[in-house]
Structure formats: C-alpha cells, structure tokens
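Right, one structure below, let's go through it.
One is the number of the first residue; the rest follow in order along the sequence.
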Amino acid sequence: MDSGLLHIILEYINIVFLTFTVVLFSMFTAMGYLSTRSSIHYRNKNSFGDISKIMASPLAPSITIIAPAYNEGMTIVENIRSLLSLRYVNYEVMVVNDGSKDDTLEKMIKAYDLEKIEQEIDPNWRSKPIRGIYKSKHRSFSKLTVIDKENGGKSDALNTGMALSNNKYVGCIDVDCLLLPDALLHVVKSFYQRSKKRVIAVGGVIRIANSCIIQGGQLEEIRLPKNWLAKFQLLEYTRSFILGRMAWGRIDSLLIISGAFGFFDREIALAVGGYDTNTVGEDMEIVFKMRRYMHERKQPYTVEYIPDPLCWTEVPEDTKILINQRDRWARGNLETLYKHKDMFFNPKFGRLGMLSYPYWFFYEWLAPILEFFGFFSIILFYYLGILNWEFFLAITATVYMFSIMFSFYAILWDVYSYNEYKKTKDILTLMFCALIEPFVFHPIVVWSAIRGNYKKLFKIKSGWGSQVRKGFAKAS
C-alpha cells in the first residue's frame, strides 16, 4: 500500500480517537459537576425531617420485596432474617425459589416453619409453573411468603413475584444482598417526594460487602475488601454510582437501575409486561420500557436515585467469575440497545434519545471495542513504521492522568459525603488501585466486553453463568 495513503488513514484515525477522547473528557467532567451538585442538593434536602415517621404513618404505602433464590442454601436463612428486620410496617418479603437443586426450600421450611397454602392462580399464567406457595405458622414471620416454582431464570422469578403481589410498589433485589434497616423508609420517601411527577422507579447505590462483618443479618463493621479484585470493583462501583448514575439522575436521564436494588411502581411495571425473559440485561431493559411507556403517553414522570449506602452485596473475587459477569453485562447492554434502537438520536424522546442513549451506545458499548482494536492498531502502525509517537504518548498520558483524577475525585467525594472507610490506609489503598487499575483491572473489563459482544453478534449461546458466593464474614 502506498505510504502516503497509509499516512492519510493514520491521520483520520488520530482525528477519530482525539475527538472521541475530547468528548469523553467533556462528558465525564460534566458528570462530576452534576453529581456533586446533586449530592449537595440531596444532603441539604434530607438534613431535616424524621423519616422514621413514615414507618408509623397509616398512609405508608405497601411494598413487596421480591428476592429470587437459586441454590442459595448456604446463606438463605440469614438473608431472609435480614430482610425481615427492616424498619417498616407495611411490607412483605416474597422469596421466589426458582427451581433450586440444593436444599434452599427445605432450609426455609425448617427455619421459618412454613406450610403450603392454597392460592388461586391466574389461568393465563405466563411464567413457569408454580409448585407451591408457603406461609409461616408463626405470626413473627407473617411478612414472609415463599413461592416454589420451576426454574425459569431471574426475570421469570421476578415476574412471578410481581404477578402474585397485591402491593403498590415492588422491590426487586438479589436475595443475598444486605439492606440496611432504614432502606425502605428512604425508598418510600423517594416515591412520595415529587408532587408534579409520578415516580415510576427508585434505584440506589450498591456497596461492596466483601470482608465486612455481618452479625445476625446486620452490618456490624465496614471493612475494605481483602481481595484485590474486589478492591478494584469497589473503586469502579464508587465512580459509577457516586458520580455516574448520580449525574444522570440529576438530569432525569437515568437508564439503568441495578438489579440488586431496584423498586418500581407495580402498575407501570406490569403495564409494560414486567421483565423481559429473553435478555440477560433485564434490569436495564425494564427501565427503558417503563420510560418509553410514560414518554409515549406524555405523562409526567421521573426515576429517582438514592445515593445513601443502603444496599450491600458480595462481588466476585475470582477472575473467571468476574469475566462471566461482565460478559453477561455486555450482552445485556447490546440486547437492550438493539431492541430500543429507534430511540437513537430521536428528538421524540428528549434527553433520553439525544443524550442518554447515545452515551450508552458510544461510551458503554462502543468504547471497549475501540480500545480493543485500537491496541492492535498501535502494534500494526509500529510494525509498519508509521506510528506517530508524539501523538500516541501525548494522548495516552492525557487519558491516564484524567482517569486517575476522576477516580481520585470519586474516592475523596465519597469520603466527604459518607466516609464509610475511615482508615487513612484504606483511602491510600484505593488511590493506589486507581494508579494501577488501567494496567491491571481495566484490560479484564475490556476483554469481557469483547467476549460478550462476540457471543451476542455471532449467536453463541450463553446464559447467566454462576457466581460462587463465600457468604458474609461473621463477627468473631
């Protein structure tokens, strides 16, 4: 190939990467600003008033917490105990045993003295068949309902809970998540603090519980994860939840609510058909559907976001399990974006079509692909002797420094806002993680995204995968 043509191609590639980088920096700077403003506004707004009054109010709305369980025999009893100890009166805990092959059901029956009850099922039932519905013989466990059904996956289990619930709101969580006692009070306040818009969903921050001390279903002591892979995920979650999603919530453009902690207006959730059982990105897809439903009917609505650390969960400490998880996230992202592709730069959907969707397309889906092929392009250009070393080193150093600054800001803002990790050593450890993350952890995330997209694009069958949980650490 003519060397002049190669240089022209290289210059165009340089322009594309430079433009992409500048826009990315601008977006992340704006996100930092918006999240800061939103956090300050949230703290000022919630610095007065006693949310415990919500619990005692006869007008407090009813909530069903739906927790799908599959082979959770090792921790199910303590996890349910935690959910039953929340500070709220009018709520129900509905555990959906999704065809577990271990002793999950047997342990629940024994620990909570459950007995099968008769309940009429809709003849047009769309989920997998129900094998039994159980309630406790003891009044102290009256809030607990256990549904035993054939295996159909997480989405099917959540749809089962939505259909059988009679309450105004439903909370869809992972059964192994630990909710703080006041979690439902904050959720209810978020649903009712708007007067002109209908709140159709409420999401919140997910905190990492690896190495934390848990006793009797209660969080006793917050500790930095001992595992390095978990440390990197803590840093990633801090950036994503404290800065990223907080910023999107500020401009009412949040497109995803974590499957570990999401609450929905049951009427709207059922109106859009509940969770899609044909995607592995069901937590993102249902928010897309609910927003579209309200937008197309021109009804004023919003999605609220709670920055308080109310939900704690265990993250993978094994590289293979982490890759499977991120592979699944990438497939779910692509499935949802493709299904709602008509929103792309569509002014009919306002900020969702002109800002949120394009961001997810370019910087959540396309960015890992550009990074992956960009790496091999650099090797090729070096081999051909046309690599512009000045440009390459300058943009690499700039991207690296910006990523470190953004991570440092997320860490320090979290310390200022919530100060969960009080030891100076822990903060310095997270900062050290930020320094080496681009070389150690980020390549794993990029490779996982590439693998997930490859599987989806070439129709390679792949399900949820599995996560082997160690369970929360107990106080000694």
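Residues passing the side-chain hydrogen bond (donor to acceptor under 3.5 Å, both in side chains) test with Y33, sequence neighbours excluded: R37. Listed by chain and residue number, F344 satisfy the ring-ring contact (aromatic ring centres under 6.0 Å, His included) test with Y357 (two or more places apart in sequence, or in another chain). Listed by chain and number, the residues in a side-chain hydrogen bond (donor to acceptor under 3.5 Å, both in side chains) with E420 amount to none (sequence neighbours excluded). Residues satisfying the ring-ring contact (aromatic ring centres under 6.0 Å, His included) test with F345, not counting sequence neighbours, are none. Partners of N388 according to the side-chain hydrogen bond (donor to acceptor under 3.5 Å, both in side chains) rule, which considers only residues two or more places apart in sequence or in another chain, do not exist here. Among residues two or more places apart in sequence or in another chain, the side-chain hydrogen bond (donor to acceptor under 3.5 Å, both in side chains) test is passed with W360 by none. For Y383, there are no ring-ring contact (aromatic ring centres under 6.0 Å, His included) partners at least two apart in sequence or on another chain.
Within the structure, the salt bridge (Lys or Arg N to Asp or Glu O under 4.0 Å) test picks out the following pairs touching residues 252-263 (sequence neighbours left out): K197-D252, D252-R291. Listed by first and then second residue, the salt bridge (Lys or Arg N to Asp or Glu O under 4.0 Å) pairs that reach into residues 259-269 are R198-D265, R198-E267, sequence neighbours excluded. Annotation: salt bridge (Lys or Arg N to Asp or Glu O under 4.0 Å) contacts involving residues 18-32, sequence neighbours excluded, are absent. Pairs of residues two or more places apart, or lying in two chains, that qualify as side chain to side chain donor-acceptor pair (under 3.5 Å) and include a residue from residues 362-371 are Y359-E364, W365-N453, E371-H442. Among pairs with a residue in residues 397-417, those fulfilling salt bridge (Lys or Arg N to Asp or Glu O under 4.0 Å) read R207-D414, at least two apart in sequence or across chains.
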